[in-house]
S.K.: 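First the structure, which I've put down as structure tokens, then a few questions once you've had a look.
Keep in mind that this is a model prediction, so the values were computed, not measured.
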Amino acid sequence: MATGEAKAARSERANQRPELAALDDATLREALRRMHLIRKFEEEAENSYMRGLIHGTMHLSIGQEASAVGTCLPLEPQDYILSTHRGHGHCIAKGAQPGMMFAEFFGKETGYCRGRGGSMHIADVEGGNLGANGIVGGGLPIAAGVGLSIKMQKNGRVCIVFFGDGASNEGAFHEALNMASIWKLPVVFVCENNHYGMSMAIERASAVPNVADRAPAYAMPGITIDGNDLPLVAATAGEAIARARSGGGPTLIECKTYRIRGHSKSDRNLYRTKEEIDLWRSRCPIVRLEEELLGHDRFDRQALDAIEAAAAAEIAEAIEFAKASPDPDISELTRDVYAN
Amino acid sequence: MATGEAKAARSERANQRPELAALDDATLREALRRMHLIRKFEEEAENSYMRGLIHGTMHLSIGQEASAVGTCLPLEPQDYILSTHRGHGHCIAKGAQPGMMFAEFFGKETGYCRGRGGSMHIADVEGGNLGANGIVGGGLPIAAGVGLSIKMQKNGRVCIVFFGDGASNEGAFHEALNMASIWKLPVVFVCENNHYGMSMAIERASAVPNVADRAPAYAMPGITIDGNDLPLVAATAGEAIARARSGGGPTLIECKTYRIRGHSKSDRNLYRTKEEIDLWRSRCPIVRLEEELLGHDRFDRQALDAIEAAAAAEIAEAIEFAKASPDPDISELTRDVYAN
Amino acid sequence: MRELSYAEAIREALGQAMEADERVFLFGEDVGVYGGAFGVSGDLVHRFGTERVIDTPISELGIAGVAVGAAITGMRPVLEIQFSDFVTLAMEQIVNQAAKIRFMFGGKATVPMVVRLPGGSGTGAAAQHSQSLEAWFAHVPGLKVIQPATPHDAKGMLLAALDDPNPVLIFEHKLLYKTKGPVPAEAYRVPIGKAAIRREGTDLTIVGTSLMSLKAEAAAARLAEEGISAEVIDLRTIRPIDFDTVAASVRKTGRLLVVYEGVKTMGIGAEISAMIAESDVFDFLDAPILRLGGADMPLPYNPQLEKAAVPQEDDIVAAARRLKREE
Amino acid sequence: MRELSYAEAIREALGQAMEADERVFLFGEDVGVYGGAFGVSGDLVHRFGTERVIDTPISELGIAGVAVGAAITGMRPVLEIQFSDFVTLAMEQIVNQAAKIRFMFGGKATVPMVVRLPGGSGTGAAAQHSQSLEAWFAHVPGLKVIQPATPHDAKGMLLAALDDPNPVLIFEHKLLYKTKGPVPAEAYRVPIGKAAIRREGTDLTIVGTSLMSLKAEAAAARLAEEGISAEVIDLRTIRPIDFDTVAASVRKTGRLLVVYEGVKTMGIGAEISAMIAESDVFDFLDAPILRLGGADMPLPYNPQLEKAAVPQEDDIVAAARRLKREE
Ligand SMILES: Cc1ncc(C[n+]2csc(CCOP(=O)(O)OP(=O)(O)O)c2C)c(N)n1
Ligand SMILES: Cc1ncc(C[n+]2csc(CCOP(=O)(O)OP(=O)(O)O)c2C)c(N)n1
Ligand SMILES: [Mg+2]
Ligand SMILES: [Mg+2]
């Protein structure tokens, strides 16, 4: 039941679009904090990579923060997500600690995976993140299993699985969505359509222009939204999550967005134009939300700057933690291959 | 250009539905012949199995003859088909010799596969049948490759690939249809929806009631038809084949039909009722076509009986050929594992 | 003791596990009212309902992923892959996900899933329904792989697999399902990773897997009549291999013959041979290490060819004689 | 002679094959304008157009099937699987279809397709992007499986693969792509199924595959300084294995060490060891047959652990010393 105070706050927001009005200040503050954390985490990861602190490759989601944060915003802590190779955003959105993430990146024993997994496998099982995945589409069938498990245990949880536009052409997509539908599983399929699977534009890779166009093939509601619009993403996800939780079955949400960086560190961007990148740079989901909030006097500049500064400080601290952490002990090379 | 005689014949057929009127007598005779061949081939295969002449299992398509024969009717000899585990009908429909098929069934050296493949792998490569397949959905991606090959070689051929309702839930289905669509390949996807994948009713296995409901997910025309109606199947396939041949891309045709026999020899029919089987028995595609032809005076009973009797004789001869054929020579155990 | 068939023994194990632990469930293609392609699940759906004995669409990759997802969130899935040949569609989930998740996540998740895979030739099902692919999985760290050969072991090892916090693959030879043997009624365990000495002997050691261990026993009985004393070991687990039991036997006999149905090249016999040849048992060897495996070919349909393509009792006897003669 | 990198050598082979034979085409994920994930296809799309250098959707099972369909109807497809780890999704088409079609159809079809599979560890790509899965395919009759280690062999064996009427899988170690070596300009062939003796020696034989054969060469140079004379064989083809070359060497040296990067258990070393141990070469063995393979674990991300998980030059030197000391 809404308190008097909350009601007053909400009527103050009457001139705002409903998706924004539905979010109270604390929620918005948290959403902004997480988007900044993601952005700064990845910018610093990139820096660390340039300075040789990080081994391997990485897939940055800069420009896609709203879809990660917006979809996770309505989740409860005990809910699950399954993430992708481009998963830092999902991980932070679900509440992971950047320090343990950087430690993983740096291959340290204090990392989420004790330095064994790296960027492509960060998992925060306790926090409900069942893992990034190096296999495109790899999380989709697992999500159906998580959904079935939730249903059998009747524990009221929900599972969100993220995947890309490219992943929607994998057979795993087809099999997973069909099973989730026939068994009415509490799964929300969130496609982050950033227009490319590596160098392959969705128009070349896929017979249909929108991934959500495939939802009817699974008798599942499918909706394509502007994935850079945080309140819209949160509202759409909120509905789908509520539906899943109440036994209404799965939903496919397609967030149209864009990755500003290359696919991975070896990408020379030969398949897209600078103009296109610049256009999307101007659609930054963080700036966009901040401007809307300023326009409606929900926050002032100073408050926004404080959120950002706090996120920056948290990231700086996280890096220090990771740097100071020990490497795995080589004598433990084969630990955790099997459970006892 | 139509000759005067042909024109006259067609105007005589003016009171017939267009799908039937489009078929001349010779074509109908051939269609009936093939349907009878299939039916009798399988009835005799079943007999042979009972008498211990056949090893292994078999999947009979009794009741589904119209979809096999109807779809292959508009094909040219150099066109390709890819078949399934339930493939005797497709094989005969594409023009294979029942003698070599029985020989294969009996494991003889004169069989299509020299006795190495058996029922589940009969292929008549020269005749354009690129093989039955023991893997559900296994032919679907291969068909995309055949389509690509045709397109690259610009040889004007078409490839039909058969699959079941159950196969439509395999990832291979999804990947193949997507590729065929984006590359506009000359492939016709023919789903023989006999309502079950082994014991699993399509309503339980699949999120959508019709397999063709999935065609829009591949921006492909999809049509669901009565698969026991030979003229309708032929007309629908004819259009799709023409479209494919002229560069218009793939089509998904769903033929609703029913297998009267169990899934394989070990099926105890626990998942369906006798009433259901009897209902479909009454919808026999052969009887149905014969009755329509009699009703329109296209053939008289005697002519129809003669077609059936000739088919029976051909099958009897085929069995004799197969029985009299030699077994493979055990010294050739490992031949054809590699090509030289 | 009461006798059950191999299929019945598996069904009994599943039933007891499902009674004892509500996290256990069985799923796969046609495991419900059909009772399983080989009749293994039988009446389980009637006993436990369609919520715990679940028919799936024909989606092997997907259902393997379902097992992974259910296992990492607290369930104990038992997946039946209708014919082991179809595991080719599910390799990604089994090898890249199930086998690696625990390690990749730094030990912070477990994947306690069981996959049952009917395999093997002898039913006239030809090249795509007769393979013995288990050796692939013996190459995959993170998995356990077992091949019980008797009804007793089928029940006990399946129950052990369900206790195991790791993904366990059970390869069941189709020709074993109807074989009968004594099976205790209670829910006992047969440990994973322990081979069984089926017959003691002094002249040579025959290590067999699955159906081939039974053929080896029969061959050993015939060899005994000719005065050749063969020790027969049923390997039972191919990952991890019980090296100690094999090694102790070969130390005693000085001669080793490995018999398995999978393709000889890169089959499980290669590993057993190599383990012995690189160990200190090498010094005890009085003769080359022989392998009898499947012919280097797809399985043929014709019944005579099909038989000729995999080791038969006569082949084992002949190989053992040859090995005995070697200096 | 002119030097090329391994990646350039492959590209040159592809270009020459496509010039010479219009049936040859290249396809896979990002092989077009991106130039391939490892830059192997490079500018080929600009030379041959998007109709012969085809970017595909991310559909590994599907594209493997496309290769099969194109091959059986007269084309010569070359498929790149972006990382060999993803072949787990394509096993069905490669193993059940490509490898078996010829046999199942009684010799009435051929499947002349080439699949290129970048593999191996050392790039910090962790457990799902670093595997060496080639041993699985050495277990599959109907396939040929090669692992060229030098730019020279990469070009010559790829051209030989394109002449071959059978499906050929080429496992390319990612760390080799930038290595350089002499490569003739013309379109020459290096036969499939023939190992190469990289260095002659008398004390022991080291058989290596892919990158490990180079490490073995480096180790042999160091061993020579200590007076140990190692013969180094680059196996090059793992199906069919060139037993004669290995056997001749072991007959001479009496000692065998096999080095490979894949997981040791059930890796290719098991087969080589077992082939020798069951042959008459057994009598020439003066010591156990040693194997150095990958640790029994998924590949770890941390760079020190990653190195420790696969054989390094020092490990080879140490193993060779140990083997030399054995009686
Ligand atoms: C099964 C598989 N195939 C290919 C790859 C290589 N790969 C990694 S990410 C990627 C593109 C994925 O595109 P999309 O799903 O749209 O996600 P995005 O990278 O755009 O976030 C590819 C091809 C892989 N990791 N797994
Ligand atoms: C990949 C694969 N999974 C499962 C099977 C076992 N199987 C053979 S036929 C069949 C049912 C196929 O149903 P459908 O596609 O509708 O064809 P139908 O048998 O009805 O003609 C099954 C499950 C198989 N052969 N291949
Ligand atoms: Mg994308
Ligand atoms: Mg069906």
S.K.: What part of A:D267 is in contact with chain D, defined as an atom under 4.5 angstrom from a non-hydrogen atom: side chain, backbone, both or neither?
M.R.: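 Both backbone and side chain.
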S.K.: So which of A:G171, A:S266, A:G197 has the largest heavy-atom pair count under 4.5 angstrom toward chain D?
M.R.: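 Greatest number of close heavy-atom pairs with chain D: A:S266.
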S.K.: As an exercise: rank D:A126, D:A295, D:G124 by heavy-atom pairs under 4.5 Å with chain A and give me the winner.
M.R.: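 Among the listed options, the one with the most contacts to chain A is D:G124.
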S.K.: Would you mind checking which part of D:F86 comes under 4.5 Å of any heavy atom in chain A, side chain (CB onward), backbone (N, CA, C, O), both or neither?
M.R.: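 The side chain, not the backbone.
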S.K.: Are there more than 12 heavy atoms of other residues, nucleotides or ligands under 6.0 Å from atom CZ of D:R47?
M.R.: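 Correct, the count exceeds 12.
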S.K.: Minimum heavy-atom separation for A:I202 and A:P209, please, with both atom names.
M.R.: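 That would be CD1-O, 3.7 Å.
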S.K.: Got a sec: does the CD of A:E126 have more than 12 other heavy atoms crowding it under 6.0 Å?
M.R.: no
S.K.: Run through A:S83, A:S61, A:S67 and flag the one making a side chain to side chain donor-acceptor pair (under 3.5 Å) with A:H90.
M.R.: A:S83
S.K.: For D:D85 and D:Q131, does a side-chain donor sit closer than 3.5 Å to a side-chain acceptor?
M.R.: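 Side-chain D/A pair, D:D85 to D:Q131: present.
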S.K.: Hey, do the aromatic rings of A:F106 and A:F321 have their centres closer than 6.0 Å?
M.R.: no
S.K.: Measure distances from A:M200 to the heavy atoms of chain D and classify the residue's part below 4.5 Å as side chain, backbone, both or neither.
M.R.: both
S.K.: Count the heavy-atom pairs under 4.5 Å between each of D:G122, D:P57, D:G39, D:P303 and chain A, then report the option with the highest count.
M.R.: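 Among the listed options, the one with the most contacts to chain A is D:P303.
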S.K.: Whether D:E313 and D:R222 form a salt bridge (side-chain N of Lys/Arg under 4.0 Å from carboxylate O of Asp/Glu) is what I want to check.
M.R.: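 Counted as a salt bridge, because a side-chain N and a carboxylate O are separated by less than 4.0 Å.
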S.K.: Answer yes when A:E46 and A:R51 have at least one side-chain N-carboxylate O distance shorter than 4.0 Å, and no when they do not.
M.R.: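 No salt bridge links A:E46 with A:R51.
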S.K.: Chain D: which of A:E104, A:E170, A:E332 shares the most heavy-atom pairs with it under 4.5 Å?
M.R.: A:E170
S.K.: Need one label for A:H121: side chain, backbone, both or neither, based on atoms under 4.5 Å from any heavy atom in chain D.
M.R.: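 The side chain, not the backbone.
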S.K.: Using heavy-atom distances under 4.5 Å, tell me whether D:T88 contacts chain A through its side chain, its backbone, both, or neither.
M.R.: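 Contact with chain A: none, neither part.
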S.K.: Between A:G166, A:C113, A:A205, A:S199, which shows the greatest number of heavy-atom pairs under 4.5 Å with chain D?
M.R.: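 Heavy-atom pair counts peak at A:S199.
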S.K.: Given heavy-atom pairs under 4.5 angstrom as the criterion, report whether the side chain, backbone, both or neither of D:D296 touches chain A.
M.R.: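 Contact with chain A involves the backbone of D:D296 alone.
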S.K.: Heavy-atom distance under 4.5 Å to chain D: side chain of A:R114, backbone, both or neither?
M.R.: neither
S.K.: Could you tell me whether A:D124 and A:K94 have a side-chain N and a carboxylate O separated by less than 4.0 Å?
M.R.: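 A salt bridge is absent here (no side-chain N lies under 4.0 Å from a carboxylate O).
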S.K.: Chain A heavy atoms under 4.5 Å from D:E29: which part of the residue, side chain, backbone, both or neither?
M.R.: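 Neither the backbone nor the side chain of D:E29 comes within 4.5 Å of chain A.
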S.K.: Please state whether the side chain, the backbone, both or neither of A:F105 comes within less than 4.5 Å of a heavy atom of chain D.
M.R.: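 Both parts, backbone and side chain.
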S.K.: Would A:E276 and A:H195 count as having a side-chain donor-acceptor pair, cut-off 3.5 Å?
M.R.: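 No donor-acceptor contact under 3.5 Å links the two side chains.
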S.K.: Select one option (side chain, backbone, both, neither) describing which atoms of A:N133 are under 4.5 Å from chain D's heavy atoms.
M.R.: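 Both backbone and side chain of A:N133 come within 4.5 Å of chain D.
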S.K.: Do side-chain atoms of A:R86 reach the backbone of A:H263 as a donor and acceptor pair under 3.5 angstrom?
M.R.: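 Indeed, once roles are kept as given, a pair shorter than 3.5 Å links the two residues.
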S.K.: Is D:S59 close to chain A through its backbone or its side chain, or both, or neither, when contacts mean heavy atoms under 4.5 Å?
M.R.: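 Backbone plus side chain of D:S59, per the 4.5 Å heavy-atom cut-off to chain A.
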S.K.: Considering only heavy atoms, which portion of D:L305 lies under 4.5 Å from any heavy atom of chain A: side chain, backbone, both, or neither?
M.R.: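 Both the backbone and the side chain of D:L305 come within 4.5 Å of chain A.
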S.K.: If we define contacts as heavy-atom pairs under 4.5 Å, which of A:D336, A:T57, A:I135, A:I54 has the most with chain D?
M.R.: A:I135
